[in-house]
Amino acid sequence: MTFQKPSHTFTKIHLKALHTNNFKILFALSFTVFINTLSFSQDIPEKGKSINRTVKDSLVPSVDSLDVLNTSEKIQDTITKDSIKPKKDLLENIVKYHAKDYTTFSNKKQKLYLYNEAKIDYGDMNITAGSITIDYNTNTVYAVGITDSIGAYSQKPVFTQGSNVVEPDSIVFNTETQKALIYNSKTEQGEGTVISELTKKENDSVYFVKDAKYTTASNLEDPEYYIKLRKAKIVPGKKIVTGLANLFIYDVPTPLGLPFGFFPQSETQTSGVIIPTFGEQNTRGYFLQNGGYYFAINDYVDLAVLGDYYTNGSYGLRLENKYKKRYKYSGNIGFRYENLITSERGFSDYAKNTIYNLRWSHSQDSKANPNSRFSASVNLGSSSYYQQSVNQVNVANFLNNTLSSSVSYSKTFQGEPQVNYSVTATHSQNTNTEEINMTLPTFQGSVGRVYPFASKNGSKKGIIQNINLQYNIRGENRISTTDSLFFKKEMFDEAKAGFQHSIPISTNFKLFKYFSASASSSFNEVWTFKTVDKTYDTTDREVVTETVNGFDAFRTYNFSTSLGTTIYGMFNREKEGKDVKLKAIRHVIRPSISYNINPAFDKYYDTYEVVSADGLTTSDVDFTRFEESIFGTPNKTFSSSMGISVSNNLEAKVKDRDSTATEDKKITIFNNLNFSTSYNFAGDSLKWSPVRVSGGTQLFKNKMSINFGATLDPYALDNNNTRIDTYNIDNGGSLFRLTNANMNASWSFSSKDGKNKDKDSDLEENRRSGGRADDLFGVSQDFSNQQIEDKRGEKEEESSELYNFKIPWSFRVAYAVNYGNSARQNEISSHSLMFSGDIELSTKWSVGGSSGYDLKNAGFTYTQLRFERDLLSWRMNFSWVPFSTRSSWNFFIGIKSSILSDLKYEKRRQADIQL
């Protein structure tokens, strides 16, 4: 600690009794040293000016202060080194103080007074208050607020030591013992606050409180709830240990309490027990669900182990893991296993089944490595997992009918040309048919586009300079299996592997100024490691297929060219002197025509002879040994075809209803309206392919999207509903025969003044499980599962008004219809309407629901009704599935804060799911 030179020095004091009275000498020296240890102004500054002073931490006199002794009268000490250990300094750190109005020191009382915006810094301790008094006799600091002219108490003390902050009405602190008495304090401890009338600070790491309140409420003056701590010990940043404690709601005591309690207050991740929820199910009895242990492994990885148990013997296990490294990667892994028992052993309806599900999501930060990337999205397991699972977290995903996975790594080698490669493993699973298709793995490589005839400088011009070529390679190992053989040896027996090499060569050029032309050719080579050989067994009268192991290959090539242009049309309705609403329509047409040639590669085909049933005639049947190649077979017949397509885009310019708008408004009539067909020159019959029509548009300020499609066949059907080489119009029908059509529409809209609710946390579980990214199939009923949805139910604090003058609402609709008439069935194969909505009755109340109606079968689809009440520090949720085999309900009320998340009440009725 450093001292400032005092404004009044006492180094010239004349002491007559210096040699005659030792007491007087010591008094003079002590007084001189004391004055040197404090630097202050005898003059009171003008009001409003601030004063900054420092106080030295040692009372050992300086050399200058000893000049009062005559050097000739100094006694030479024969001891060069003092053997007595010096006494510890009174103050160990620099004391810095500040006040806005005045700083005064009383010599008589040995007290320093600071007034108005007073502040003291001593080591890691900081005190700010309206008034601070330092008593040097007792080494205490007393801090209190000040009262203004109207009697308002302001500038309450704020005591800070390290990371601990206390906001009391007043405080008494001893600088020597580090102890303090704190009155009417509010101290943040983790996510909560301790409100105490009297707090005793034992040292910088231990506090004792009596009759204190612990709450996570934001309104500390009138908290909606608190836990009353009769006696408690607080270790800041670590724990709160309390004796008798019980819950108060708006100062009304409740019987909910404990004889003792422990509140962990770690500022880092901490392992701990996860309290389960309990309930009852008709088919499985009483249960404990979602209980377990949370492992805070380190700052980058955690793990939650959760379990379910039912009194009939059913049980479940869940592992939920999250990991993240900033600027590197992030992801999560989840494994779920359930052993489900229905009824009792010995009864006819007794059943036992095991289901499981594995999920993994990994994403790499774009900053980690620009030339390589690894990603994963895995969702695999039992096909019936989401349909049979009894855990509430899966309630919104039982309609999922597909599971898919992809794990990939890609790398790029920069240069000319650029080289890329990737390795991917994929998985696709149909939960209805239980069929599984996998590629383990898929390898893809490519060499960037090369222009061998282009000039080194300037742009490429003409058909020759635009000639370019590439090289691509793709290798796959495909596995097709079923759910029962998944991860068993048999699933690998029928695996198929192969490679495909392709070298595309293309060029493009302008033709007649307005047409864009292109020409391309491609050489392909396919490698396979299994071929087939077919013979006819005359004894058993059946075709015998034999698999031949070994390397084999076939090579093909083709040629194609295309010609296209863009036509712009404008229909202008604006007339001078007339005000019209529809001012113009813009039509953009992009017609194109293409021509493709695929030669016949019949050299890769063989024949086997089939004997008729009477044994009198024989016939040759063609086959290729590459029938089981995963990249297709070589063409047997010559193909020469022409493709025709026309795409349209229509936009309108209309007068804006807003009279202050300076420009007209553009609206979309059709985003796209496409027509396509083809003609096979080499075909003997049915040369025209069906005309495919597709289109889409958006309405109501792009809030409603509509997409449609149809297939029009120009050929007629015979009596057996088989296509014949006769045009439908020549067979007494129309020009085209509508074989199928589909349309789907989605509409999302809300009140103009309403706030769209952020449902990302609610729908995160749906997305991770492969379900819909909206709530049309409902949301999870597991409101207390914070391992999966950390932010669920938490909202920013809003005003506490009880009602809204305008009620915010949102509504979502999805409509789909499919029509089939390929064989004169003339029926709607599917026809459904799904909808969901939310209404905020007040800033704290919201109700919502999800449902649908099957228009073909005349019945409601999966329906879920729900409401949510924001109770400030608490939240209340209710979800109800009123009918269907998934009929269930769940009620939850609990504290939002994770530190008290186990202070909750949950009641549910689960669906009686049959295996």
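Position 1 is the first residue of the sequence, and the numbers go up from there.
When the shell of 6.0 Å around CD of E651 is examined, it contains more than 12 heavy atoms from other residues, nucleotides or ligands. Enclosure of atom NZ in K856 by more than 12 non-hydrogen atoms of other residues, nucleotides or ligands within 6.0 angstrom is indicated. Shown here is I839, whose CD1 atom has no more than 12 heavy atoms of other residues, nucleotides or ligands within 6.0 Å. Within a 6.0 Å sphere centred on OH of Y153, other residues, nucleotides and ligands contribute more than 12 heavy atoms. Within 6.0 Å of the CD atom in Q698, the count of heavy atoms belonging to other residues, nucleotides or ligands exceeds 12. In K665, the NZ atom is crowded: over 12 heavy atoms of neighbouring residues, nucleotides or ligands sit closer than 6.0 Å. Residue-environment remark: CZ (F883) exceeds the threshold of 12 foreign heavy atoms within 6.0 Å. Around atom NZ of K324, no more than 12 heavy atoms belonging to other residues, nucleotides or ligands sit under 6.0 Å away.
Side chain to side chain, D854 and T861 fail the donor-acceptor criterion of an N or O pair below 3.5 Å. Side chain to side chain, R866 and S850 meet the donor-acceptor criterion of an N or O pair below 3.5 Å. In the model, E338 has a side-chain atom that pairs as donor or acceptor with a side-chain atom of S389 under 3.5 Å. In the model, N379 has a side-chain atom that pairs as donor or acceptor with a side-chain atom of N357 under 3.5 Å. A donor atom on one side chain and an acceptor atom on the other are not found under 3.5 Å apart for T193 and T215. Looking only at atom types and distance, the side chain of Y214 has no donor-acceptor partner in the side chain of T242 under 3.5 Å away. Inspection of the R869 and N877 side chains reveals no N or O donor paired with an N or O acceptor under 3.5 Å. Of the N and O atoms on the side chains of Q289 and T277, not one donor lies less than 3.5 Å from an acceptor on the other residue. One side chain, S383 or Q429, offers a donor N or O that lies under 3.5 Å from an acceptor on the other. For the residue pair R812 and S836, a side-chain donor N or O sits within less than 3.5 Å of a side-chain acceptor on the partner. Side-chain atoms of Y815 and N744 form no donor-acceptor pair, as typed in the model, at a separation below 3.5 Å.
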Checking W747 against F835 for the ring pair (Phe, Tyr, Trp, His ring centres under 6.0 Å) test, could you report, in this order, the C-alpha distance in whole Å, the side-chain angles of both residues, the deciding distance, and whether it holds? CA-CA 9 Å; W747 192 7; F835 47 87; over 10 Å; no
Show the numbers, then the answer: is there a ring pair (Phe, Tyr, Trp, His ring centres under 6.0 Å) between Y337 and Y356? CA-CA 4 Å; Y337 174 86; Y356 68 93; 7.7 Å; no
Chi angles and distances behind the salt bridge (charged side-chain N to carboxylate O under 4.0 Å, His left out) call for D870, K896: CA-CA 10 Å; D870 184 356; K896 296 178 183 179; 2.8 Å; yes
Give the C-alpha distance, both sets of side-chain angles, the deciding distance and a yes or no for salt bridge (charged side-chain N to carboxylate O under 4.0 Å, His left out) between K655 and D664. CA-CA 5 Å; K655 182 181 178 181; D664 296 325; over 6 Å; no
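No side-chain donor-acceptor contact under 3.5 Å links Y225 to the backbone of I895. Formation of a donor-acceptor pair under 3.5 Å by the S377 side chain with backbone atoms of S361 is not found in this model. Side-chain atoms of N857 do not come within 3.5 Å of backbone N or O of G859 as any donor-acceptor pair. N649 places a side-chain N or O within donor-acceptor distance of the main-chain N or O of N671, the cut-off being under 3.5 Å.
Using a 4.5 Å heavy-atom cutoff, the side chains of E868 and S846 are in contact. No side-chain heavy atom of F892 sits under 4.5 Å from any side-chain heavy atom of Y905. Counting only heavy atoms from C-beta outward, the side chains of N818 and S830 approach each other to under 4.5 Å.
Note that K325 lies in the cation-pi zone of Y300, set by a 6.0 Å cut-off to the ring centre and a 45° limit from the axis.
F891 and W880 have their aromatic ring centers separated by at least 6.0 angstrom. The six-membered or imidazole ring of Y226 lies near that of F248, with a centre-to-centre distance under 6.0 Å. Between H362 and Y323, a ring centre-to-centre spacing shorter than 6.0 Å is recorded.
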